[in-house]
Number of protein chains: 2
Amino acid sequence: MLSNASKYAIRAVLFLAENSSYHKKYGSKQIAEELEIPLSFIAKLLQQLAKAGVISSTKGPKGGFFMTPQNMQNNINSILKEIENENIFEGCFLGLPRCSDENPCPVHHIVAPFKDALWNKFQNQTILDFAREIKQNGSFLSLKGVEIKRKDLL
Amino acid sequence: MLSNASKYAIRAVLFLAENSSYHKKYGSKQIAEELEIPLSFIAKLLQQLAKAGVISSTKGPKGGFFMTPQNMQNNINSILKEIENENIFEGCFLGLPRCSDENPCPVHHIVAPFKDALWNKFQNQTILDFAREIKQNGSFLSLKGVEIKRKDLL
DNA sequence: ACAATAAAAGACCAATTGATATTTTATAGT
DNA sequence: ACTATAAAATATCAATTGGTCTTTTATTGT
């Protein structure tokens, strides 16, 4: 559903939301390493996002990417708008024409509420909210340096 | 989420389920025209599906693609297994590693039940069930020859 | 036997997405 | 001013997906 590019972008933004500030910037190289994403690829994505104002950046020594408190007030949809080149919420899941609440395809009643819930979350929760949630849930943006316990692999 | 190929394949199979029989076969050309899908593309997909036993076919004059009652007992997942080259139900929606019920990403609780419901429907309902549902709902597999009323376009 | 029909097979081409490498520009520190 | 650093810009390349075309094989009807 989401392209690799979008997933990478989201992870990178959430990483910055959690770790960066005006006084603590991250270069593409660090981010690529930390999240185990191909360097040149994430560099390009970060540039796009910076240009669009989703994140911030400064050139030169001590420069890098970071997020301001304002940046963190953006939502996930603002990331997708930049990276994804079509609206993932549009179109019938099965590709039927004129699929709608009135003319539902066989999975319409499963897909429509899902899209709705997802869109709402991507629209109404800020990036800051997401970052906090991840921290609270004990989720990982990367497995870099995470010790995997034997029992977890079974 | 689904590739074009899968969507085309599903529509074509449902069309055959609704219209074909051993005594009423359809050539790729008719199907392509009826569903407004590129001929060569759908031809290839139909061949794959026939090879896999999802649909039936015979060569030569009076030949074509069709579905037997047994074919119609297959489910949608059997189509996806042939056409889609990766399991669409696997992997974290946001691309986070080790996302699970215990380590949920911020949209896990939205995505997991959706995937579940979808998988169940694709697994437990037959193609015949789907075809019937579409007929009953008044949905369209194609807009070929469907008159669109003015009010519908507003 | 042979002509016509239609699927099967496979080679091929185009567009999109994923990924890389190179050059240019801005800035900080000396 | 000069050097080092790091983003910005851009050109390029590879892989996947989407789509087309040509040849071969099977079958039917005469």
Side-chain angles (χ1 to χ4, degrees), chain A residues 1-13 16 20 22-67 71 80 82-86 88 95, chain B residues 1-13 16 20 22-67 71 80 82-86 88 95:
Chain A
M1 197 127 178
L2 293 185
S3 64
N4 272 350
S6 291
K7 289 182 187 170
Y8 288 165
I10 291 173
R11 274 208 294 148
V13 168
L16 287 174
S20 78
Y22 182 75
H23 294 101
K24 198 170 177 201
K25 301 175 184 124
Y26 285 84
S28 353
K29 205 187 291 184
Q30 290 173 281
I31 296 173
E33 217 162 81
E34 202 65 48
L35 303 184
E36 298 182 283
I37 299 173
L39 169 59
S40 310
F41 198 8
I42 194 61
K44 197 158 66 169
L45 296 173
L46 289 167
Q47 279 164 32
Q48 276 186 78
L49 294 171
K51 200 175 180 180
V54 177
I55 62 177
S56 304
S57 69
T58 62
K59 291 183 177 182
K62 301 275 162 187
F65 298 96
F66 64 100
M67 291 188 84
N71 288 148
L80 297 183
E82 284 313 308
I83 309 296
E84 206 76 27
N85 29 13
E86 47 180 52
I88 64 163
Chain B
M1 198 128 178
L2 293 186
S3 63
N4 271 352
S6 292
K7 289 182 186 170
Y8 287 164
I10 290 173
R11 274 207 295 149
V13 168
L16 287 174
S20 79
Y22 181 75
H23 294 100
K24 197 169 179 201
K25 300 176 184 125
Y26 285 83
S28 353
K29 206 186 292 186
Q30 291 173 281
I31 297 173
E33 217 161 81
E34 203 64 48
L35 303 184
E36 298 182 281
I37 299 174
L39 169 58
S40 311
F41 197 11
I42 195 62
K44 195 158 68 169
L45 296 173
L46 289 167
Q47 282 164 31
Q48 276 187 77
L49 293 171
K51 199 175 180 181
V54 177
I55 63 179
S56 303
S57 68
T58 61
K59 290 182 178 184
K62 303 274 161 191
F65 298 95
F66 65 101
M67 291 188 83
N71 287 149
L80 296 184
E82 284 313 308
I83 308 296
E84 205 76 25
N85 30 13
E86 46 181 50
I88 64 162

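Naming convention: chains lettered A, B, ... in sequence-line order (proteins, then strands); numbering from 1 in each chain. Only this structure's heavy atoms are used, side chains among them; waters, hydrogens and symmetry mates stay out.
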Worked verdict on B:Ile42 versus B:Leu35 for side chain to side chain contact (heavy atoms under 4.5 Å, CB included) | CA-CA 10 Å; B:Ile42 195 62; B:Leu35 303 184; 5.9 Å; no
Check B:Ile37, B:Leu39, B:Leu16 against B:Ile31 for a side chain to side chain contact (heavy atoms under 4.5 Å, CB included) and give me the one that passes.
-> B:Leu16
To the closest 0.5 Å, what do you measure between [atom1] ([X]) and [atom2] ([Y])?
X: B:Met1; Y: A:Ile88; atom1: CE; atom2: CD1; value: 10.0 Å
X: A:Lys51; Y: A:Ser57; atom1: NZ; atom2: OG; value: 11.5 Å
X: A:Phe41; Y: A:Asn4; atom1: CZ; atom2: CG; value: 6.5 Å
X: A:Leu46; Y: A:Gln48; atom1: CG; atom2: CD; value: 9.5 Å

Nucleotides 12-23 of chain D: protein proximity per nucleotide (B base, S sugar-phosphate only, - neither; heavy atom, under 4.0 Å) = -----SSBBB--
Interatomic distance, [X] [atom1] vs [N] [atom2] [rounded to whole Å]:
X: A:Gln48; N: C:dA19; atom1: CD; atom2: P; answer: 14 Å
X: A:Leu49; N: D:dA7; atom1: CG; atom2: P; answer: 14 Å
X: B:Lys51; N: C:dG10; atom1: NZ; atom2: C1'; answer: 11 Å
X: A:Ile55; N: D:dA6; atom1: CD1; atom2: C1'; answer: 14 Å
X: A:Ile31; N: D:dA7; atom1: CD1; atom2: C1'; answer: 11 Å
X: B:Glu82; N: C:dA8; atom1: CD; atom2: P; answer: 13 Å
X: A:Lys29; N: D:dT5; atom1: NZ; atom2: P; answer: 9 Å
X: A:Leu46; N: D:dT10; atom1: CG; atom2: C1'; answer: 17 Å

Tell me whether the OP1 or OP2 atom of D:dA8 has a side-chain N or O from A:Ser57 closer than 4.0 Å.
->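 Affirmative; the distance criterion is met.
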For residues A:Ile83 and A:Leu2, determine if any side-chain heavy atom of one lies less than 4.5 Å from a side-chain heavy atom of the other.
-> no
Does B:Lys25 count as lying over the ring of B:Tyr22, i.e. NZ or CZ under 6.0 Å from the six-ring centre, within 45 degrees of the axis?
->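 Verdict for B:Tyr22: a cation-pi partner in B:Lys25.
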Decide side chain to side chain contact (heavy atoms under 4.5 Å, CB included) for A:Thr58 and A:Phe66; before the verdict, give the C-alpha distance in whole Å, the side-chain angles of both, and the deciding distance to 0.1 Å.
-> CA-CA 9 Å; A:Thr58 62; A:Phe66 64 100; 4.1 Å; yes
Bending between helix ends of the helix from C:dA1-D:dT30 to C:dT30-D:dA1 [5 pairs per end, 10° resolution] | 0°
Using a cut-off of under 3.5 Å, enumerate the N/O to N/O pairs linking the protein to nucleotides 25-30 of chain D.
unit_1 : atom_1 : unit_2  : atom_2 : d
D:dA26 : O4'    : B:Lys59 : NZ     : 3.4

Considering only heavy atoms and no angle criterion, is a donor-acceptor pair shorter than 3.5 Å present between the side chain of B:Gln47 and the base of C:dA7?
-> no
So, does A:Glu33 use its side chain to make a donor-acceptor pair with the main chain of A:Gln30 at under 3.5 Å?
-> no
Kindly say whether B:Met67 contributes a backbone atom to a donor-acceptor pair with the side chain of B:Ser20 at under 3.5 angstrom?
-> yes
